[in-house]
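First the structure, in the form of structure tokens, and then the observations on it.
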There are 2 protein chains.
Amino acid sequence: MTTSIKDVALLAGVSVATVSRALGNGPVSPALRAKVEAAVAQCGYRPNLSARRLRSQHTRTVGLIVSDICNPFFTAVGRAVEDVAYRAGMRVILCNTDENPDKEAMYLRLMQEERVSGVIFAATRATADALDTAELGFPVVMIDRAGAAARCDAVLLDNRLAAAQLVEHLLERGYRRIGGLFGNTSSTGAERHAGFAEALQRAGLPVAARFVAPSAAAAQAELAAWLPEETAPEALVASNGLLLLGAAKAVRAAGVAVPQRLALAGFDNDSWMELAEPGMTVIEQPVEEIGRVAMEMLLERLRQPERPPRKVVLAGRLVARGSSLARA
Amino acid sequence: MTTSIKDVALLAGVSVATVSRALGNGPVSPALRAKVEAAVAQCGYRPNLSARRLRSQHTRTVGLIVSDICNPFFTAVGRAVEDVAYRAGMRVILCNTDENPDKEAMYLRLMQEERVSGVIFAATRATADALDTAELGFPVVMIDRAGAAARCDAVLLDNRLAAAQLVEHLLERGYRRIGGLFGNTSSTGAERHAGFAEALQRAGLPVAARFVAPSAAAAQAELAAWLPEETAPEALVASNGLLLLGAAKAVRAAGVAVPQRLALAGFDNDSWMELAEPGMTVIEQPVEEIGRVAMEMLLERLRQPERPPRKVVLAGRLVARGSSLARA
DNA sequence: ATGGCATGAGAAAACGTTTTCAATCGATAG
DNA sequence: CTATCGATTGAAAACGTTTTCTCATGCCAT
């Protein structure tokens, strides 16, 4: 039995309503306000957020739905989201979907039951395309991946451009047989593949792309199988940090020289990219900015529900390192 | 205006109480249960969790308070906690304290206002020692670091032993001037330092330890300053993954050969440890198990509030790699 | 046939707040 | 001197559930 606002009122000799007003910022005389604060301090009162949320009908809670918080990209994004959210007096509920549409649906339902103020969502391709954000009952900001048709706010990387940039970098450095490893569940993977393919076609080169499950292990297995083949590439583009990690492991296990026998390049400037010899060439995403902007857009949307949806497209930054050194 | 249980009752032609019972698992006849389910489906009813929590007086929510979810150790632990929690029908609120005691106090207060069922807490040394878990109002499971006096559940690594193990490994490989880099806020850093110092003293060797803020940048700066000194070690132990990352960066920037001029060893088998040439020797923590066991202990505690507190001490596993190769 | 007794259902209370509504009071304007 | 107004305050309703109580019904044992 915890102490409630009633106990405070009794102790301070005022009404329940006055306590509520003194704690929020209602109009209350300095004298009573002082009495209330004294009583609160004396009995160690803590407001019950469930009751407050029920009565006031807004939860000051946002959901953050990502595929896997263990992916450093989402960790960093999530951290930025939380910082902005807590600073705005909102709480964050984190959900990991493992790129599983069933889990996505389950968590979306949970968000409805929580009556969240809004959701920041990195959806799989399937869900992003099918999602009807209007009937959800709360605003959604898409991150990383956006549904083609989704009429809602989003903050994204210019994936096509970034992938093309990577290919052109490799072409410049003298590589020709360029392969690609892409995630098979996200629209991000698809877009990066599109930019990859376009750039190669512009150069009149064949595109050799493989799609894998979005995990380091899958990428490692795929590349391990690919390396001994005749079609094995001279340079490889990996569609995100996890896949690049897997690729690097496969390369190391096979004892393949980087970049002499195989150049590597990918996405996400994770902490190890600099450290793995000879340094990984990557497109760095502005991870902190993505999370911050997403949360800010959500807050903006809550203030102005009728504002037309907006998509913020951020640019990646090419960080060239030893793994794509110019060909001898 | 969302649909409430009242609307469902009206639509199904039964009382509110019956709807509640049909949705929970109260005793209700099959006929009415079917009618209720039909009505729920028809009007798309979603229970309001705030109301449910207020009335039923349990929130089915746990808090997870860590220093920084960007640290791969906490990411992995957090992921395991969430998996177990969601499977048990509980939600997780994540809080990042940045090892700041003020933030810790703030989040602890927030947890009280949320009326959480319990908290899993990686506290700083200061907080862990001062914390009075009895007056918090909810059970706490400490992870990673435990207060000396804290009379509550905990799941920890045998830090002393692990650090000593690391030192003995280096001694075996022929290193003598062994330095250490330890975090200056956590009790973990202190314990690992203790094990480190003991092992060196047993061997009759001097202990050269430096304490730094718990971040890769701080470790990098410290080691960069240390390397040129006369007292620079032949081998370095870093107290966690972040510090080891910083150390590796400093070593790389200074062009120091590993392990020829400086051997490296540390904690946490993060994904890059294998990849950073020549491979990092580390004590691997059972991260997934730590998170899982912590959450399971919390559930257990909720079932049996009066059970005496229990500490689970898990062992680390030494993974020897090239960074600690036997001395020539 | 009658008195428990288990079962299923509804009415209403309760959870701890915020918010609306009405009331009191002092002061200022007419 | 009185009527009106603004500022505070308290009483009570409301938020959407779960849970306690009460009651009706049918069944079994006496």
Side-chain angles (χ1 to χ4, degrees), chain A residues 1-37 39-40 43-61 89 91 109-117 137, chain B residues 1-37 39-40 43-61 89 91 109-117 137:
Chain A
M1 192 53 199
T2 71
T3 78
S4 83
I5 201 173
K6 226 168 185 167
D7 305 307
V8 177
L10 215 65
L11 195 61
V14 301
S15 77
V16 167
T18 300
V19 177
S20 175
R21 281 189 279 253
L23 262 41
N25 36 18
V28 54
S29 69
L32 288 199
R33 184 180 295 273
K35 275 167 92 176
V36 168
E37 278 167 9
V40 164
C43 68
Y45 165 73
R46 297 268 176 273
N48 181 321
L49 292 184
S50 293
R52 180 175 292 184
R53 290 200 261 255
L54 171 60
R55 169 61 228 212
S56 67
Q57 296 289 71
H58 46 72
T59 56
R60 304 188 76 71
T61 299
R91 266 150 285 305
R109 194 160 47 243
L110 176 62
M111 294 303 103
Q112 296 184 302
E113 301 188 350
E114 291 277 3
R115 302 291 193 270
V116 293
S117 307
Chain B
M1 194 52 201
T2 70
T3 77
S4 83
I5 202 174
K6 225 169 187 168
D7 305 308
V8 177
L10 215 64
L11 194 61
V14 301
S15 77
V16 167
T18 301
V19 176
S20 175
R21 282 189 278 251
L23 264 40
N25 35 18
V28 54
S29 69
L32 289 199
R33 185 181 294 272
K35 276 166 93 176
V36 168
E37 278 167 8
V40 164
C43 68
Y45 166 74
R46 296 269 175 275
N48 181 321
L49 291 184
S50 293
R52 178 175 296 186
R53 291 200 259 254
L54 170 60
R55 170 60 230 214
S56 67
Q57 296 289 70
H58 46 72
T59 57
R60 305 188 76 71
T61 298
R91 266 152 284 306
R109 193 161 47 241
L110 177 61
M111 294 302 102
Q112 295 184 302
E113 301 188 351
E114 290 277 2
R115 303 290 194 270
V116 292
S117 308

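Protein chains get the first letters and strands the later ones, always in sequence-line order, with residue 1 at the start of each.
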Nearest whole angstrom, please: distance from the P of D:dG16 to the NZ of B:K6.
-> 9 Å
Taking CZ from B:R60 and C1' from D:dT17, how many angstroms apart are they, rounded to a whole number?
->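 One finds 15 Å between C1' of D:dT17 and CZ of B:R60, rounded.
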Detail all sub-3.5 Å separations between protein N/O atoms and N/O atoms belonging to nucleotides 18-22 of chain D.
{"unit_1": "D:dT18", "atom_1": "OP1", "unit_2": "B:R52", "atom_2": "NE", "d": "3.0"}
{"unit_1": "D:dT18", "atom_1": "OP2", "unit_2": "B:S20", "atom_2": "OG", "d": "2.5"}
{"unit_1": "D:dT18", "atom_1": "O2", "unit_2": "B:R55", "atom_2": "NE", "d": "3.2"}
{"unit_1": "D:dT18", "atom_1": "O2", "unit_2": "B:R55", "atom_2": "NH1", "d": "3.0"}
{"unit_1": "D:dT19", "atom_1": "O4'", "unit_2": "B:R55", "atom_2": "NH2", "d": "3.1"}

Pairing residues for B:R115 by the side chain to side chain contact (heavy atoms under 4.5 Å, CB included) criterion, not counting sequence neighbours |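 Once residues adjacent in sequence are excluded, the partners of B:R115 under the side chain to side chain contact (heavy atoms under 4.5 Å, CB included) criterion are A:T2, A:R46, A:N48, B:T59.
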Listed by chain and number, what are the side chain to side chain contact (heavy atoms under 4.5 Å, CB included) partners of B:L49, not counting sequence neighbours?
->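 Testing B:L49 for side chain to side chain contact (heavy atoms under 4.5 Å, CB included), a comparison that skips the adjacent residues, returns A:L110, A:E113, A:E114, B:R52, B:R53, B:R91.
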Just to confirm, is there a sub-4.0 Å distance from OP1 or OP2 of D:dG10 to any side-chain nitrogen or oxygen of A:S15?
-> yes
Is there a side-chain polar atom (N or O) of B:Q57 under 4.0 Å from OP1 or OP2 of C:dG16?
->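 For B:Q57, the contact criterion (side-chain N or O under 4.0 Å from OP1 or OP2 of C:dG16) is met.
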Show the numbers, then the answer: is there a side chain to side chain contact (heavy atoms under 4.5 Å, CB included) between A:L23 and A:Y45?
-> CA-CA 11 Å; A:L23 262 41; A:Y45 165 73; 3.4 Å; yes
Take the C1' atoms of the five end pairs on each side of the helix from C:dA1-D:dT30 to C:dG30-D:dC1, get both axes, and report the angle to 10 degrees.
->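 Axis angle across the helix from C:dA1-D:dT30 to C:dG30-D:dC1, nearest 10°: 50°.
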Judged by nearest nucleotide, the residue sitting upstream toward the 5' end of DNA chain C, B:R115 or B:V14, is B:V14
Please table the atom pairs, donor to acceptor, closer than 3.5 Å between any side-chain atom in residues 14-22 of chain B and protein atoms at least two apart or in another chain.
{"unit_1": "B:S15", "atom_1": "OG", "unit_2": "B:A17", "atom_2": "N", "d": "3.4"}
{"unit_1": "B:S15", "atom_1": "OG", "unit_2": "B:T18", "atom_2": "N", "d": "3.2"}
{"unit_1": "B:S15", "atom_1": "OG", "unit_2": "B:T18", "atom_2": "OG1", "d": "3.1"}

Quick one, which residues of residues 25-32 of chain B touch DNA chain C with a heavy atom under 4.0 Å?
-> B:P27, B:V28, B:S29, B:L32
With heavy atoms under 4.0 Å as the rule, sort B:R33 into base, sugar-phosphate or nothing.
-> nothing
